[in-house]
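Reviewing the structure listed below.
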Amino acid sequence: MKGLVIKSTGSWYLVLAPDGTTYESRIQGKFRIKGIKSTNPIAVGDEVELLPEPDQSTAVITHLYPRKNYIVRRSINLSKSVQVIAANLDQAFLVVTLASPVTSLGFIDRFLVTAEAYDVPASIIFNKLDLFSDEGLEVLEQFQSIYTRIGYPCYQVSGLEGTHVDILLQEMANKKTLITGHSGVGKSTLINRLVPNADLKTGAISSFSEKGKHTTTFAEMIPLPGGGFIIDTPGIQELGIVDIEQHELAHFFPEFRERLNQCRYHNCKHINEPGCVILEAVEEGDIEPSRYQNYLSMYHGNETRN
Ligand SMILES: Nc1nc2c(ncn2[C@@H]2O[C@H](COP(=O)(O)OP(=O)(O)OP(=O)(O)O)[C@@H](O)[C@H]2O)c(=O)[nH]1
Ligand SMILES: [Mg+2]
Ligand SMILES: [Zn+2]
């Protein structure tokens, strides 16, 4: 029978069967997915063929069905391998905090590029609204306007206090939504608020480093009462941009993409070419300087392949 992987610890998987039963499952045989070198063969969100064992509480996974999409991060040690964070997503929500811990615009932009490349619609959740001073709120508005003007839905919430979280529930209804972001931004706290019986572990951030302590260690899918799933994930430090060729990068910036065919040269790199409409738009304030700077750093960085 077909099952949905709702939790993965790396050595075993919790798989949800169509009748609502969950099975602790192991993989039988070798799973190699063509095209990617991943450290984990199966991820949360995967659809698998499942064979219950005689005791009926455990099962073996015998087949992995093709993925609609997936999000990866680069493994820390093996730079060429990636870890599949989750598969078959309808959307991804990036939880961002401007302090405790700090989320940089570079991190947000790399996440958005990854989501574009893997065809996952992305939204940004600015969290810990309760911590903002009036000045802080102004900065928050500026940050948010960078992303709303290029079409990414943005929300300002406090997961701790429950401010403005109802709209998130509406947006997540009947969808599979990945929640990601740095450790300590409040992903698990927010999900506990949205799904009262989720009962996810949360952890204080370090007062010394202002960073989270990686409280969540495995990705997990939590069913929404009205249908759909939220996927809680361990905090990520950096997203590796994988499998993006340098010349494709501009296509994953929506505000670049809509202008690309107007550059004088069809192979324009948007760096210093005459007649480049991207450079013009940056100069005229139609493209945000931070977005362009992050394009350049991704273009030149070792995050893209030639
Ligand atoms: N003030 C305030 N604190 C929050 C809010 N949301 C979460 N926190 C606090 O931030 C800390 C980290 O919260 P978690 O929910 O564990 O963060 P996480 O993103 O799941 O972290 P990892 O599992 O390590 O990736 C906890 O001390 C929470 O109480 C919020 O909206 N406002
Ligand atoms: Mg967590
Ligand atoms: Zn150009």
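Start at 1 and go down the list; that is how both ligands and their atoms are numbered.
Of all protein atoms, those of element N, O or S that lie under 2.8 Å from the Mg ion (ligand 2) number 2.
Using a 4.5 Å heavy-atom cutoff, the side chains of Leu64 and Pro41 are not in contact. Between Leu200 and Glu220 the shortest side-chain heavy-atom distance falls below 4.5 Å. Counting heavy atoms from C-beta on, the side chains of Gln293 and Leu105 never come closer than 4.5 Å. The shortest side-chain heavy-atom distance between Leu129 and Leu140 falls under the 4.5 Å cut-off. The shortest side-chain heavy-atom distance between Val72 and Tyr118 falls under the 4.5 Å cut-off. Asp46 is listed as a side-chain neighbour of Asn88, based on a closest heavy-atom distance under 4.5 Å. Side-chain contact between Ile205 and Lys211: absent, with no pair of heavy atoms (C-beta onward) separated by less than 4.5 Å. The shortest distance between side-chain heavy atoms of Leu260 and His251 falls below 4.5 Å.
Exactly one residue among Asp199, Asp232, Thr202 makes a side chain to side chain donor-acceptor pair (under 3.5 Å) with Ser188. That residue is Asp232.
Across every non-hydrogen atom of Tyr265 and Pro274, the tightest pair is CE1-O, 3.6 Å. Between Met172 and Ile179, the shortest heavy-atom contact is CE-CD1, 3.7 Å. Taking all atoms of both residues into account, the shortest heavy-atom contact from Val84 to Arg67 is CG2-NH1, 3.9 Å.
If you check the side chains of Thr177 and Gln91, you find a donor sitting under 3.5 Å from an acceptor.
Here the shortest heavy-atom distance to atom 30 (C) of ligand 1, taken over Leu160, Thr215, Val157, Val185, belongs to Leu160. Checking Gly162, Gly203, Ser100 against atom 26 (C) of ligand 1, the nearest heavy atom belongs to Gly203. Counting heavy atoms only, Thr189 comes closest to atom 13 (O) of ligand 1 of the residues Thr216, Thr189, Asn192, Leu200.
Residue-and-atom listing of protein N/O/S atoms under 2.8 Å from the Zn ion (ligand 3), sorted by chain and number: Cys263 SG, Cys268 SG, His270 ND1, Cys276 SG.
Interface atoms of ligand 1 facing Gly235, defined by a heavy-atom separation under 4.0 Å, are 25 (O). Residue-ligand proximity, Leu131 to ligand 1, at heavy-atom distances under 4.0 Å covers atoms 1 (N). Atoms of ligand 1 lying under 4.0 Å from at least one heavy atom of His214, given by number and element, are 24 (O).
The proximity of Asn127 to ligand 1, defined as any non-hydrogen pair under 4.0 Å, is limited to the side chain. Residue Asp130 touches ligand 1 through its side chain alone, judged by heavy-atom distances below 4.0 Å.
Considering only non-hydrogen protein atoms, atom 18 (P) of ligand 1 sits nearest to Lys187 N, 3.5 Å. Distance from atom 21 (O) of ligand 1 to its nearest protein heavy atom, with residue and atom name: Gly184 N, 2.9 Å. The protein heavy atom nearest to atom 24 (O) of ligand 1 is Ser183 OG, 2.6 Å. The protein atom (non-hydrogen) at minimum distance from atom 10 (O) of ligand 1 is Lys128 NZ, 3.0 Å. Among protein heavy atoms, the minimum distance from atom 27 (O) of ligand 1 is reached at Ala204 CA, 3.3 Å. Annotation: atom 17 (O) of ligand 1 to nearest protein heavy atom, Gly186 N, 3.2 Å.
Connection of Val185 to Leu168 is established within a shared hydrophobic cluster, with ILVMFWY side chains joined at heavy-atom distances below 4.5 Å, either directly or through further cluster members.
Polar contact check, Asp232 against ligand 1: no nitrogen or oxygen pair lies under 3.5 Å apart. Annotation: Gly159 places an N or O atom under 3.5 Å from an N or O atom of ligand 1; distance criterion only. Taking any N or O of Lys213, backbone or side chain, none lies under 3.5 Å from an N or O belonging to ligand 1. No N or O atom of Ile205 sits closer than 3.5 Å to an N or O atom of ligand 1.
In the displayed structure, Asp134 atom CG is contacted under 6.0 Å by at most 12 heavy atoms of other residues, nucleotides or ligands. Other residues, nucleotides and ligands contribute over 12 non-hydrogen atoms within 6.0 Å of the CD atom of Gln262.
Ring pair Phe143/Phe126 is perpendicular by interplanar angle, where above 60° counts as perpendicular and below 30° as parallel. Between Tyr295 and His270, the two ring planes are tilted [angle within 30° to 60°].
For the pair Ser188 and ligand 1, a heavy-atom separation below 4.0 Å is found.
Tyr65 carries Lys2 over the face of its six-membered ring, with the cationic atom under 6.0 Å from the centre and within 45° of the normal.
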